[in-house]
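Since the structure comes first, as structure tokens, the remarks are kept for the end.
Predicted model only: the values in this text are computed from it and were never measured.
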Amino acid sequence: MSGEISRADLLARQFEAERPHLRSVAYRMLGSVAEAEDAVQEAWLKLSRTDVAEVRNLGAWLTTVVGRVCLDQLRSRSSRREDPLPEPEGQVRLPDPVVSGLATSDPVHGILVADSVGIALMVVLETLSPAERLAFVLHDMFDVPFDGIAEVLGRTSASTRQLASRARRRVRGATPAADTEDSRKRAVVEAFLTAARGGDFDALLAVLDPEVLARSDGGTLVPGVLRRGAADVAAQAVTFARFAAEARLVLVNGSPGVVSFAGGRALSVMSFTIHDGRITGLDILTDPTRLAALGLTG
């Protein structure tokens with residue numbers, strides 16, 4: 001009996017060592033922190049019921065298990081969706097942001113921060129088919145061989161390679177160009193925040209690209225809104241700043257962003273795409289239910 005308990009404890013420790021990696025895989029597949037955690041937990045349940053004595057690489061085995069769970073969830077989403085997938089310029093449901101630099105009651109966020117990808121890229125991943133997303137995420141982001149992905153998809157390695165190639169082209173074509181220097185991005189976000197707080201319309205126009213695209217997701221009761229153009233986006237920024245008693249500079253998916261509060265409650269999380277020193281894209285989550293789930297406190 002003691003030997004069996006010892007093996008179970010060893011398996012549990014091995015799984016916990018893999019948990020951060022598995023969360024990252026699931027988050028990139030699903031764009032939801034809660035659903036990612038559920039997928040990882042389902043992988044643990046499968047592991048606890050499986051004889052893995054013949055498994056040579058437990059981490060790789062668990063990665064494909066999580067991939068399969070996420071694929072099923074994505075396919076279930078597609079079957080429930082009444083409307084077709086949004087066009088690149090259409091309304092989109094923003095993925096859960098991973099916020100750091102604030103107190104949070106959710107420890108999962110802290111684990112994801114170190115390995116996060118930008119919201120803009122996560123939005124593009126939402127436009128891929130479930131099979132394309134799996135092939136791209138597992139191969140291009142986590143170096144899973146095509147043979148292993150093919151088993152999950154029930155396809156040949158050649159067709160899986162084609163899926164990843166097609167997804168890669170779509171991601172490259174749709175992902176906006178962006179500056180990479182954090183200090184430069186932070187300065188731009190600070191300038192935007194200062195101008196919005198002060199109602200300085202001209203200063204906002206100076207920091208916004210003329211063709212800036214802003215996407216906001218207010219949840220099921222407030223359909224997402226698209227705004228294009230510096231004047232429209234600047235006007236909305238000034239209006240929204242009046243309702244926010246406090247706005248804090250944070251990291252959103254590893255890049256400078258802003259969380260706005262009123263009465264101690266988070267009103268929005270803003271993620272920025274910045275190119276050549278100007279804001280070319282804003283992704284704004286205002287869904288009160290999802291914001292509450294993030295556990296952010298001012």
Side-chain angles (χ1 to χ4, degrees), residues 23-24 26-42 69-70 72-83 85-86 90-113 116-127 130 133 214-227 236-237 239-255 257-272 281-298:
R23 280 173 171 155
S24 293
Y27 172 70
R28 296 187 193 190
M29 283 292 299
L30 300 171
S32 164
V33 173
E35 289 182 6
E37 184 65 16
D38 288 343
V40 172
Q41 191 61 26
E42 189 168 339
V69 172
C70 293
D72 290 343
Q73 289 196 34
L74 290 176
R75 286 172 171 168
S76 178
R77 280 186 197 171
S78 298
S79 66
R80 293 195 307 265
R81 183 182 283 124
E82 296 179 359
D83 301 320
L85 283 171
Q91 295 179 1
V92 295
R93 180 184 185 276
L94 295 179
D96 287 347
V98 179
V99 179
S100 56
L102 283 175
T104 173
S105 60
D106 187 354
V108 175
H109 279 71
I111 294 172
L112 287 172
V113 165
S116 57
V117 295
I119 290 290
L121 174 56
M122 293 293 294
V123 169
V124 176
L125 293 180
E126 291 286 337
T127 68
R133 190 165 184 171
R215 294 174 286 216
S216 66
D217 178 356
T220 56
L221 298 179
V222 183
V225 176
L226 271 174
R227 299 180 185 277
Q236 183 62 21
T239 300
F240 189 80
R242 294 173 185 155
F243 294 97
E246 180 185 5
R248 295 276 301 278
L249 190 67
V250 298
L251 292 179
V252 179
N253 286 57
S255 188
V258 172
V259 177
S260 296
F261 294 91
R265 178 175 61 88
L267 291 182
S268 70
V269 176
M270 302 181 65
S271 172
F272 298 79
L282 287 91
D283 292 301
I284 312 163
L285 180 66
T286 59
D287 181 348
T289 301
R290 293 172 64 198
L291 287 171
L294 297 180
L296 304 174
T297 56

So how far is it from [X] [atom1] to [Y] [atom2], rounded to the nearest 0.5 Å?
X: Leu249; Y: Leu251; atom1: CG; atom2: CG; result: 7.5 Å
X: Asp283; Y: Ser216; atom1: CG; atom2: OG; result: 9.5 Å
X: Arg77; Y: Asp72; atom1: CZ; atom2: CG; result: 12.5 Å
X: Met122; Y: Met29; atom1: CE; atom2: CE; result: 10.0 Å
X: Asp96; Y: Tyr27; atom1: CG; atom2: OH; result: 6.5 Å

With a 4.5 Å limit on heavy-atom distance, are the side chains of [X] and [Y] in contact?
X: Met270; Y: Val252; answer: no
X: Val258; Y: Phe272; answer: yes
X: Leu30; Y: Asp38; answer: no

Taking all atoms of both residues into account, what is the closest heavy-atom pair of [X] and [Y], and its distance?
X: Thr127; Y: Val124; answer: OG1-O, 2.6 Å
X: Cys70; Y: Ala39; answer: SG-CB, 4.0 Å
X: Leu267; Y: Phe240; answer: CB-CZ, 4.0 Å
X: Arg28; Y: Arg133; answer: O-NH2, 2.9 Å
X: Val40; Y: Ala26; answer: CG2-CB, 4.4 Å

The single option from Val123, Ile119, Leu285, Leu282 passing side chain to side chain contact (heavy atoms under 4.5 Å, CB included) against Arg215: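 Checked Val123, Ile119, Leu285, Leu282 against Arg215; only one passes side chain to side chain contact (heavy atoms under 4.5 Å, CB included): Val123.
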Side chain Asp217, main chain Gly224, donor-acceptor under 3.5 Å: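 Not confirmed, Asp217 side chain does not pair with Gly224 backbone.
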Is a side-chain donor or acceptor of Asn253 paired with a backbone partner of Val98 at a separation under 3.5 angstrom? yes
Can you sort out the partners of Gln236 under side chain to side chain donor-acceptor pair (under 3.5 Å), two or more places apart, ordered by chain and number? Arg227
Mind checking side-chain contact (heavy atoms from CB on, under 4.5 Å) for Thr286 and listing every partner two or more places apart, or none if nothing turns up?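 Per chain and number, Thr286 pairs via side-chain contact (heavy atoms from CB on, under 4.5 Å) with Ser268, Ile284.
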If you apply the rule side-chain contact (heavy atoms from CB on, under 4.5 Å), what do you find for Val259 with Leu294, and how did you get there? CA-CA 11 Å; Val259 177; Leu294 297 180; over 6 Å; no
